[in-house]
Amino acid sequence: MIFGVPVIPAIIRRTNILLTGTDIHPGAQIDNGVCLIHSVGTIIGKGVKIKKNCEIFGGVILGGKGGSRQDDGNPLIEQNTVLCSGAIILGEITIGRNVTVAAGSVVLDSVPDNVMVAGNPARIKVWYENNFD
């Protein structure tokens with residue numbers, strides 16, 4: 001261990017950043033079937049949880065709000081969710097199942113299942129009628 005970080009995960013993380021431009025903290029929990037598409041600039045912070053069959057495009061940022069906030073935490077991304085390019089999702093929130101987060105959206109509040117959100121701050125734009133599971 002160096003500075004409290006196991007050496008092998010630290011080497012793998014830094015090599016990944018160098019080769020792909022993607023920063024995934026070893027403390028993130030990512031299920032099977034998650035696909036990073038054109039992942040340059042994507043950051044997935046410590047404590048982020050991503051469930052199965054999600055698609056994450058380049059420039060997405062997932063993590064805490066930062067600072068020494070007592071209520072700070074990391075997002076949970078439920079299954080079958082699409083996070084489009086440049087989406088920023090911060091804090092202890094849940095992005096529901098079958099959700100699309102539009103490009104460039106800033107999400108600071110939880111999002112229910114089966115919707116599309118867009119904007120800064122992100123708001124529901126479309127309710128999906130079908131369950132995509």
Side-chain angles (χ1 to χ4, degrees):
M1 293 184 98
I2 299 175
F3 302 113
V5 177
V7 175
I8 299 300
I11 291 171
I12 292 170
R13 180 179 182 200
R14 281 166 182 72
T15 302
N16 183 51
I17 294 168
L18 179 67
L19 295 176
T20 68
T22 302
D23 184 1
I24 302 173
H25 192 280
Q29 298 176 21
I30 302 174
D31 286 354
N32 293 332
V34 173
C35 184
L36 299 175
I37 302 167
H38 306 295
S39 63
V40 173
T42 297
I43 301 170
I44 301 174
K46 179 181 181 181
V48 172
K49 296 177 185 170
I50 305 172
K51 300 296 182 176
K52 65 181 182 174
N53 301 327
C54 291
E55 294 181 356
I56 301 173
F57 286 83
V60 169
I61 299 174
L62 303 170
K65 292 180 182 175
S68 60
R69 298 171 47 101
Q70 293 298 320
D71 64 342
D72 195 22
N74 291 289
L76 164 62
I77 310 300
E78 291 288 358
Q79 67 189 36
N80 303 323
T81 292
V82 177
L83 307 178
C84 295
S85 299
I88 300 172
I89 301 170
L90 302 176
E92 191 171 357
I93 61 175
T94 298
I95 305 301
R97 295 164 43 148
N98 311 311
V99 168
T100 299
V101 178
S105 297
V106 177
V107 185
L108 301 175
D109 296 308
S110 290
V111 175
D113 295 346
N114 305 311
V115 298
M116 190 268 290
V117 296
N120 179 4
R123 298 285 181 246
I124 296 172
K125 301 295 183 182
V126 176
W127 288 89
Y128 299 132
E129 293 182 21
N130 298 323
N131 185 349
F132 299 102
D133 291 332

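Just so you know, these numbers use all the heavy atoms, side chains as well, and skip hydrogens, waters and symmetry mates. Since the model is a prediction, treat every value here as computed from it, not as a measurement.
Atom CD1 of residue I89 and atom CG of residue L76 lie 11.0 Å apart, to the nearest 0.5 angstrom. To the nearest 0.5 Å, the span separating CD on E78 from SG on C54 amounts to 8.5 Å. Rounding to the nearest 0.5 Å gives a distance of 6.5 Å between OG of S110 and CD1 of I95. The CD1 atom of I24 sits 9.5 Å away from atom CZ of R13, with the distance rounded to the nearest 0.5 Å. Note that the CD1 atom of I56 and the CD1 atom of I61 stand 12.5 Å from one another [nearest 0.5 Å].
By the side-chain hydrogen bond (donor to acceptor under 3.5 Å, both in side chains) test, T42 pairs with no residue at all, sequence neighbours left out.
Under the 4.5 Å side-chain heavy-atom criterion for Ile, Leu, Val, Met, Phe, Trp and Tyr, I11 and L18 are members of distinct hydrophobic clusters. Tracing side-chain contacts under 4.5 Å through hydrophobic residues (I, L, V, M, F, W, Y), one reaches L62 starting from I30; they form part of the same cluster. V111 and V126 end up in different hydrophobic clusters when Ile, Leu, Val, Met, Phe, Trp and Tyr side chains are linked at under 4.5 Å. When hydrophobic clusters are built by joining Ile, Leu, Val, Met, Phe, Trp and Tyr residues whose side-chain heavy atoms come closer than 4.5 Å, directly or via intermediates, L83 is grouped together with I93. Cluster annotation: L36 and I43 are assigned to distinct hydrophobic clusters (Ile/Leu/Val/Met/Phe/Trp/Tyr, side-chain heavy-atom contacts under 4.5 Å, transitive).
Here the closest heavy-atom approach between residue A122 and residue V107 is recorded as CB-CG2, 3.6 Å. Closest of all the heavy-atom pairs between A28 and G45 is CB-O, 3.6 Å. Shown here for P112 and W127, the closest heavy-atom pair between the two residues is CG-CH2, 3.9 Å. Of all heavy-atom pairs spanning A102 and A87, the tightest one is O-CB, 4.1 Å. Scanning both residues, P75 and G63, for their nearest heavy atoms gives CD-O, 3.4 Å. Heavy-atom minimum distance, L90 versus G64: CD2-O, 3.6 Å.
Checked by atom type, the side-chain pair N98/N114 shows a donor-acceptor distance below 3.5 Å.
At distances below 3.5 Å, not a single donor-acceptor pair connects side-chain atoms of T100 with backbone N or O atoms of V82. Put simply, the side chain of S39 never gets that close to the backbone of T22: no donor and acceptor are under 3.5 Å apart.
For the side-chain hydrogen bond (donor to acceptor under 3.5 Å, both in side chains) condition, no pair includes a residue of residues 44-54, sequence neighbours left out.
For the pairing with I44, the side-chain contact (heavy atoms from CB on, under 4.5 Å) check across I50, V60, D23, I77 returns one residue only, I50.
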